[in-house]
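Below: the structure, in structure tokens.
All values below come from the heavy atoms of this structure, side chains included, with hydrogens, waters and symmetry mates left out. Everything numeric here is computed off the predicted structure, so don't read it as measured data.
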Amino acid sequence: MIDAAPEEAVFDPDNPPLEPEFWENAVFVAGGGPEAVKAALAERRRLRGPQKAPTKIPATIPLDPDVLAGLRATGKGWQTRANAALREWLQHREHS
């Protein structure tokens with residue numbers, strides 16, 4: 001099988017190569033299992049200190065496929081922009 005493998009990597013759009021930036025905030029833990037990972041993440045949070053902005057709450061909402069595709073098509077930061085649009089809508093609604 002190794003001999004039959006292509007010389008160059010085959011691009012898979014569902015699994016693109018990782019950019020170096022992906023690893024900037026990675027926490028590497030050698031051995032120890034899930035508890036070691038939890039401890040390493042807790043230590044990183046402790047060292048970082050308090051957040052500058054309030055913590056956001058993850059939510060799952062059903063969206064029409066075209067709406068989600070349109071949001072994602074705006075590029076990186078689409079969730080932040082969607083949050084801002086919802087906030088603007090709420091503020092407009094309050095003043096109506």
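Summarising the geometry of Arg81 relative to Lys76, their closest heavy-atom pair is NH1-O, 3.2 Å, with the distance given to 0.1 Å. Shown here for Gly31 and Ala36, the closest heavy-atom pair between the two residues is O-CB, 3.6 Å. Taking all atoms of both residues into account, the shortest heavy-atom contact from Arg46 to Glu43 is NH2-OE2, 2.7 Å.
Gln79 places none of its side-chain heavy atoms less than 4.5 Å from the side chain of Leu71. Taking 4.5 Å as the limit, some side-chain heavy atom of Trp78 sits within range of a side-chain heavy atom of Leu68.
Annotation: side-chain contact (heavy atoms from CB on, under 4.5 Å) contacts of Glu21 (sequence neighbours excluded): Glu19, Glu24. Scored by the side-chain contact (heavy atoms from CB on, under 4.5 Å) test, Trp89 finds Arg93 as partners (sequence neighbours excluded).
If you chain together hydrophobic residues whose side chains sit under 4.5 Å apart, Phe28 and Leu18 fall into the same group.
Looking at Asp64, its side chain never comes within 3.5 Å of a backbone N or O of Asp66 through a donor-acceptor pair.
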